[in-house]
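Every chain is numbered from 1, with letters handed out A, B, ... down the list of sequences. Computed from a predicted model, the values in this text were never measured in an experiment.
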Number of protein chains: 2
Amino acid sequence: MGALKYAILGLLYQKNMTGYELTKEFETTLLQSWRAKHSQVYPELKSLTEKGLIQYEVKIAGNVLEKKEYSITEEGKNEFLQWAVKLNPIKPIPKDEFRLQLFFSSCIKPEERLLLLENQFTNHHNRLLELRKAIKKFSSIPPDDETEFGDYLVLLGAIMNEENTCKWLKKCITMCQEKMGIEVAAEN
Amino acid sequence: MGALKYAILGLLYQKNMTGYELTKEFETTLLQSWRAKHSQVYPELKSLTEKGLIQYEVKIAGNVLEKKEYSITEEGKNEFLQWAVKLNPIKPIPKDEFRLQLFFSSCIKPEERLLLLENQFTNHHNRLLELRKAIKKFSSIPPDDETEFGDYLVLLGAIMNEENTCKWLKKCITMCQEKMGIEVAAEN
DNA sequence: TTAAAACATGTAAGTATTGACATGTTTTAA
DNA sequence: TTAAAACATGTCAATACTTACATGTTTTAA
């Protein structure tokens, strides 16, 4: 997709960072929009350095440990800002193994379908609680010129998304139970 | 992710098909849960045949055109049904380039952020209208033992998802406009 | 003081996926 | 009749991504 490049440029646009710190951002703040493991981050940093979009300075931590502190170059800023305003078409609905399972669920017993749905509901509901906890760091809506504003909007979207997913799963569960009730009734 | 395998097995569990027909299913019925291009489908069919999970029969269409009609084997059915009932943990929130753009949007002008949001809203709203058109093929909720039931539940989820995305984007637009209104007011 | 956790940076092999290349047949509608 | 659209099957190169391998330092808490 090529967005990893812009995720890194964007983070370095905000603040100088090491590869380790960038990786941590992907595990925390950026979790709701983009992710990357350190094994993808380090090669990308190398490539962006070769392209002249970022640069680094070696810093010594403790006695010997070498850290590379990366910063964005003027060229990097230009490329990032160009991407930041670009109007893109929407992406196809993301692949989802659970939805695939549900699509084919007429092959399994109704009780097993119900188990699948209830398992998903529990997990999504737990994630919803986590996200609601996470948004508490904002005591009010941040000003629109602060970096926190984007963070807030994305987090809000993630919460609304989980709420909606829970609502859908509950609806599916209810529909399945009704169908199963009808069958049981028909047997009697 | 390895789910392509089960998508193909699932489709062949329902009905014998050629690679071309399978590819079309990914472009239509399976669009809301999984996708694959023909360049991925043909090699996967070859691999599944070698593993003994599916088999094919060559059919002649017209005068010379050779079609391979694939069917699922007993071994394939077993593997598919095992997957079909497996409880999986939920996947991380999918990567989304627009959300990444929004996350970093304090770097751009408020008017440009508004353009990004409005562009997304228009596109998602159009997709919503398409999905609502698609669900009309069901005059009522299909019985839970028909293949259409899974299709219905997934389509319902896709619609609710787009509705929610539109709601979130509208909310973001309103919040941005309010912030911009305050700034304009502060200038006077 | 010492062990575990966190910090720090890389590489390598394998899988998944996309987009382009490559080729030909059959059907449909102008 | 003829051109376009749909049918039909493949390969190849490049990118994206994950998991595991590989190694070492510094900090923290028991």
**Request:** With the side chain counted from C-beta on, respond yes when A/Tyr13 and A/Leu9 share a heavy-atom pair under 4.5 Å apart, and no when they do not.
**Result:** no
**Request:** Measure the distance from CD on B/Glu69 to P on D/dA8 and round it to the nearest whole Å.
**Result:** 11 Å
**Message:** Test: side chain to side chain donor-acceptor pair (under 3.5 Å). Region: residues 103-116 of chain A. Which pairs qualify, not counting sequence neighbours?
**Reply:** A/Ser105-A/Arg113
**Message:** Just by distance, no angles: are the side chains of A/Glu97 and B/Trp83 close enough, under 3.5 Å, to form a donor-acceptor pair?
**Reply:** yes
**Prompt:** Which base sits across from C/dT9 as a Watson-Crick or G-U pair, both distances under 3.5 Å?
**Reply:** D/dA22
**Request:** Figure out the NZ/P separation between B/Lys95 and D/dA16, and round it to whole Å.
**Result:** 10 Å
**Asked** Any donor-acceptor pair under 3.5 Å between the side chain of B/Ser39 and the base of C/dG19?
**Response** yes
**Prompt:** Do A/Glu79 and A/Lys5 meet the salt-bridge criterion of a basic N to acidic O distance under 4.0 Å?
**Reply:** yes
**Request:** Rounded off to whole Å, could you give me the NZ-to-P distance for the A/Lys67 and C/dA6 pair?
**Result:** 17 Å
**A/Leu4 CG to D/dC17 P, straight-line distance once rounded to whole Å** = 7 Å
**Message:** Given 3.5 Å as the limit, does a donor-acceptor pair link the side chain of B/Asn119 with the main chain of A/Asn88, or not?
**Reply:** yes
**side-chain N/O B/Lys37 vs C/dT17 OP1/OP2, d < 4.0 Å** = no
**Prompt:** Which nucleotide sits closest to the side chain of A/Tyr20: C/dT18, C/dA8, D/dT18?
**Reply:** C/dA8
**Request:** Using heavy atoms to find the nearest nucleotide of DNA chain D for B/Lys46 and A/Arg35 separately, return the residue whose nucleotide is more 5′.
**Result:** B/Lys46
**Item:** Donor-acceptor pair between B/Thr174 and B/Lys170 side chains, under 3.5 angstrom
**Value:** no
**Rounded distance in Å - NZ (B/Lys24) to C1' (D/dT9)** = 15 Å
**Message:** Does the protein touch nucleotides 21-28 of chain D at the base, only the backbone, or not at all? Give it as B, S and - per nucleotide, heavy atoms under 4.0 Å.
**Reply:** ----SS--
**Message:** Ring centroids only, cut at 6.0 angstrom: are A/Phe80 and B/Phe104 within range, meaning strictly under it?
**Reply:** yes
**Request:** Using atom NZ of B/Lys59 as one end and atom P of D/dC7 as the other, report the distance to the nearest whole Å.
**Result:** 18 Å
**Message:** Measure CG/A/Leu45 against C1'/C/dT11 and give the value in whole Å, please.
**Reply:** 15 Å
**Prompt:** Paired with D/dT15 by Watson-Crick or G-U wobble geometry, both distances under 3.5 Å: which nucleotide is it?
**Reply:** C/dA16
**Asked** If you look at every strand shown and take non-hydrogen atoms under 4.0 Å, does B/Lys5 touch a base, only sugar-phosphate, or nothing?
**Response** nothing
**Among C/dT18, D/dT19, D/dC17, the one nearest A/Gln40 by side-chain distance** = D/dC17
**Request:** Determine which nucleotide pairs with D/dT27, using a 3.5 Å limit on both distances of a Watson-Crick or G-U wobble pair.
**Result:** C/dA4
**Request:** Could you check how far CD1 of B/Ile8 sits from C1' of C/dA16, rounded to whole Å?
**Result:** 13 Å
**Passing option when A/Leu129 is tested against A/Lys133, A/His125, A/Arg127 for side chain to side chain contact (heavy atoms under 4.5 Å, CB included)** = A/His125
**Fill in**
Out of D/dC7, D/dG10, C/dA8, minimum distance to the side chain of B/Tyr70 belongs to D/dG10
